Every structure is written in structure tokens, then in C-alpha cells.
Visitor: 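Once you've had a glance at the structure underneath, I'll fire off some questions.
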Amino acid sequence: MRVVFCCTDTKAQPWLDGLRAALPGAEIALWSPGEHPADYAVVWAPPQAFFDEQTGLKGIFNIGAGVDALLKLRLPAGVPLVRLDDAGMSVQMAEFVCHAVIRHFRAFDAYQADAAKGLWSYRKPRLRQDYPVGVMGLGVLGQRVAKALTQFDFSVSGWSRSAKLLDGVRCFHGQDGLDDFLAASRILVCLLPLTPETEGLLRRENLSRLLPGAYLINVARGGHLVDDDLLALLESGHLEGASLDVFRQEPLPAGHAFWQHPKITITPHTSARTMREESVAQIAAKILAMQHGATSDRLAGVVDPKKGY
Ligand code: NAP
Ligand code: GLV
């Protein structure tokens, strides 16, 4: 069995070492053009040339949760594409989102600004019931985030494509449920995959439906947000602020209006990082299962190309 690793922006050696340890007996190679075909590919943002010459693949493993960039390439037909299924990401996402929600709700940025000026000042406590949180996307990450928020007694709603029943979370689904979901939310968390259906969903028309004084947390993909619509709604005051981890262009270009905006907090696509050890273990276990005859419907995290996630 041959496994080829092709990940741009990733230090290859620790992954190769990890895969060799987890799959003893397998040939683990770093891809370079002209190599002979492999059985399995472990990838992140590979070039089209990689798939054009890998004609014998039985499985493609993405070392991230989102597959939007991969699905823009011409992938070999009929080969299962498998994304990371949590692998240590959901706890990080829950930490990040709870931190952002609480920082906003408790006005910690304002306290920090006061402290920097040497001011011992109090603000009127905000009422939790005035800050209902809506989580868009109730998959692996969204469900963990929604559950974590309920632990702080926030009123939490969620929105997904299919109907769900989750303890302590008011669930909405489908296009028909979107307006009611938005109207019930003051803090909005985006954890949707980027697909043709969800691209640009965070646009003026939808963000305007949030409760006044809303706050946006986008930890999914930059393509969900219409940047100018966010700026206009911050200007009008309908939105009080935003915490953005992902952007249409990454790194966010110097000079982009978001950098200097006083109501926008920026992080560099870091809300949930790929954890190498967990990811290698998960991918190796799936490769072994496939080698022993497991069909892709038996594996978690197989992407449905029709849905785009
Ligand atoms: P997932 O398990 O596939 O969950 C996706 C959720 O979105 C599901 O609940 C799905 O509904 C819902 N959904 C998809 N299309 C929809 C639509 N058109 N309308 C309503 N709901 C829709 O994905 P995940 O593992 O939670 O990851 C979500 C995304 O987070 C990834 O795709 C990636 O882009 C992003 N991400 C970001 C970071 C970061 O560091 N910023 C890290 C990891 C992941 P159903 O349940 O009904 O299918
Ligand atoms: C990161 O953004 C991922 O999709 O894993």
C-alpha cells in the first residue's frame, strides 16, 4: 500500500513520520511531480497537477474539516473524499466561540480599554436573556459549540439543513426556518460549510433580521460574509460588532477596512487548528478500515459531492 502526502503550507516531515508510525509496512511518500500512483492521498490545498497524475487512488483524506477549496478542483470520479471528523477541533471551536461570546456579553474589551487609561469603572450588567445566541450549522463543530454555550446558560438556537433535536437548543432548519432563526438571535455564530448554497449567506438582507445590536462571529469561511454589508450594518448600528477568524482573501490584505475597524476583532484563521497526532490516528484508522474492505458509507466524514460538505 502506498500513501502519498501533498499538503501546501504544512511542514511535511512530522506528518510523514506520524503516518509511518501509524501504518507500519505502508510506503509513505511526499508527493513530487512524476511519482508513481498511490492508493491513498493525504492532502491540504494540493495543486490540480497532483490529481491529474494520481490515477489509482482509493481514498482522499483532507487534513481539515472544510473541503470547499478541494471541491473546486477536478477530483478523480468515484473516489471517496474524507474530511477530518473533529480530530480535536470541536473543543477548540467551543473555546474560541464561548470566549468571543462572553467577551462581547461581559464588555471585556471596554473594561480593558478603561484599565489602559487607569480607570476603575463599572458598567451596568447586561441581561443574559437579551443575548440569545444562534449557531448556523449544527454539524460536528456547531453542535459542540451550541452545547458549550448552554453550559453558560445562554439561550441557544441552531440552524441546519435537516431537522435536529438537541437538548437545550431550539432547532430550526431549511430555508423555511431561516428567518425565524435569525429573528430569534442577537449573537450569530457561523459554522456552515462553504457551498454554492451558503456562499454570501451573511449578507445585509439576512443580517438585518437579527435582533438590533447584534454581534457576528464568523469562524467558518470568509465567503459566507459580504464584507461591505457588514461594514454598512456596523455603521448603521444594527450590528454592534464582529469577531472574524476567516476572510475572503487570506491572509487578510494590508489596507482592508476590517483591520482598523474599532468594532471588528480579527484572528488569523486559528479558531480550530488541525491537531496532527489526532488527525494522523484518525486517517490511519480509516485507511486500514478501507484496506480491510470497509466501504465509504461505513466511515465518518465522507463528503457528499452533491451537498458540497
Ligand atoms: P459538518 O459536520 O459537515 O456540519 C455542517 C453543518 O452545516 C450541518 O449541520 C449541515 O446541516 C449544515 N448545513 C450545510 N449546508 C447547509 C444549508 N444550505 N442550510 C442549512 N444548514 C446547512 O461540518 P463541521 O465539521 O461542523 O465544520 C463546519 C465548517 O467549519 C467547515 O466546513 C469549515 O469551513 C469550518 N471550519 C473552520 C475552522 C477555522 O479554524 N476557522 C476550522 C474547522 C472548520 P445538516 O446537519 O442538516 O447536514
Ligand atoms: C479549517 O479551516 C478547516 O477547515 O479545517
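Counting starts at 1 for both ligands and their atoms, following the listed order. Treat the numbers as computed from the prediction; the structure is a model and nothing was measured.
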Visitor: Please identify each residue that fulfils salt bridge (charged side-chain N to carboxylate O under 4.0 Å, His left out) with R170, with sequence neighbours left out.
Guide: none
Visitor: Are Q143 and K164 linked by a side-chain donor-acceptor pair shorter than 3.5 Å?
Guide: no
Visitor: Between T198 and H224, is any side-chain donor less than 3.5 angstrom from a side-chain acceptor?
Guide: yes
Visitor: Heavy-atom contacts with ligand 2 below 4.0 Å: which residues, ordered by chain and residue number?
Guide: G64, A65, G66, M89, R221, H269
Visitor: Do M89 and M275 have side-chain heavy atoms sitting under 4.5 Å apart?
Guide: no
Visitor: Does the S296 side chain pair with the main chain of P80, one donor and one acceptor, at a distance under 3.5 Å?
Guide: no
Visitor: Just jot down the side chain to side chain contact (heavy atoms under 4.5 Å, CB included) partners of L165, sequence neighbours excluded, or say none.
Guide: none
Visitor: Quick one: does S243's side chain get under 4.5 Å of Y215's, heavy atoms only?
Guide: yes
Visitor: Between ligand 1 and the protein, tabulate every N or O atom pair separated by less than 3.5 Å, reporting distance only.
Guide:
{"unit_1": "ligand 1", "atom_1": "2 (O)", "unit_2": "R83", "atom_2": "NH2", "d": "3.0"}
{"unit_1": "ligand 1", "atom_1": "2 (O)", "unit_2": "V140", "atom_2": "N", "d": "2.9"}
{"unit_1": "ligand 1", "atom_1": "9 (O)", "unit_2": "L138", "atom_2": "N", "d": "2.9"}
{"unit_1": "ligand 1", "atom_1": "9 (O)", "unit_2": "L138", "atom_2": "O", "d": "3.4"}
{"unit_1": "ligand 1", "atom_1": "9 (O)", "unit_2": "G139", "atom_2": "N", "d": "3.1"}
{"unit_1": "ligand 1", "atom_1": "11 (O)", "unit_2": "R161", "atom_2": "N", "d": "3.2"}
{"unit_1": "ligand 1", "atom_1": "18 (N)", "unit_2": "E197", "atom_2": "OE1", "d": "3.0"}
{"unit_1": "ligand 1", "atom_1": "21 (N)", "unit_2": "R161", "atom_2": "N", "d": "2.9"}
{"unit_1": "ligand 1", "atom_1": "25 (O)", "unit_2": "R83", "atom_2": "NH1", "d": "2.9"}
{"unit_1": "ligand 1", "atom_1": "26 (O)", "unit_2": "V140", "atom_2": "N", "d": "3.3"}
{"unit_1": "ligand 1", "atom_1": "26 (O)", "unit_2": "L141", "atom_2": "N", "d": "2.9"}
{"unit_1": "ligand 1", "atom_1": "34 (O)", "unit_2": "R221", "atom_2": "NH1", "d": "3.2"}
{"unit_1": "ligand 1", "atom_1": "40 (O)", "unit_2": "S271", "atom_2": "OG", "d": "3.2"}
{"unit_1": "ligand 1", "atom_1": "40 (O)", "unit_2": "A272", "atom_2": "N", "d": "3.2"}
{"unit_1": "ligand 1", "atom_1": "40 (O)", "unit_2": "A272", "atom_2": "O", "d": "3.2"}
{"unit_1": "ligand 1", "atom_1": "41 (N)", "unit_2": "V219", "atom_2": "O", "d": "3.0"}
{"unit_1": "ligand 1", "atom_1": "41 (N)", "unit_2": "D245", "atom_2": "OD2", "d": "3.1"}
{"unit_1": "ligand 1", "atom_1": "41 (N)", "unit_2": "S271", "atom_2": "OG", "d": "3.0"}
{"unit_1": "ligand 1", "atom_1": "46 (O)", "unit_2": "K164", "atom_2": "NZ", "d": "2.7"}
{"unit_1": "ligand 1", "atom_1": "47 (O)", "unit_2": "R161", "atom_2": "N", "d": "3.2"}
{"unit_1": "ligand 1", "atom_1": "47 (O)", "unit_2": "S162", "atom_2": "N", "d": "2.6"}
{"unit_1": "ligand 1", "atom_1": "47 (O)", "unit_2": "S162", "atom_2": "OG", "d": "2.5"}
{"unit_1": "ligand 1", "atom_1": "48 (O)", "unit_2": "Y309", "atom_2": "OH", "d": "2.6"}

Visitor: Donor-acceptor pair, distance only, cut-off 3.5 Å: does the side chain of D245 make one with the backbone of H269?
Guide: yes
Visitor: Is there a path of hydrophobic side-chain contacts, each under 4.5 Å between heavy atoms of I, L, V, M, F, W or Y residues, that connects V303 with L75?
Guide: yes
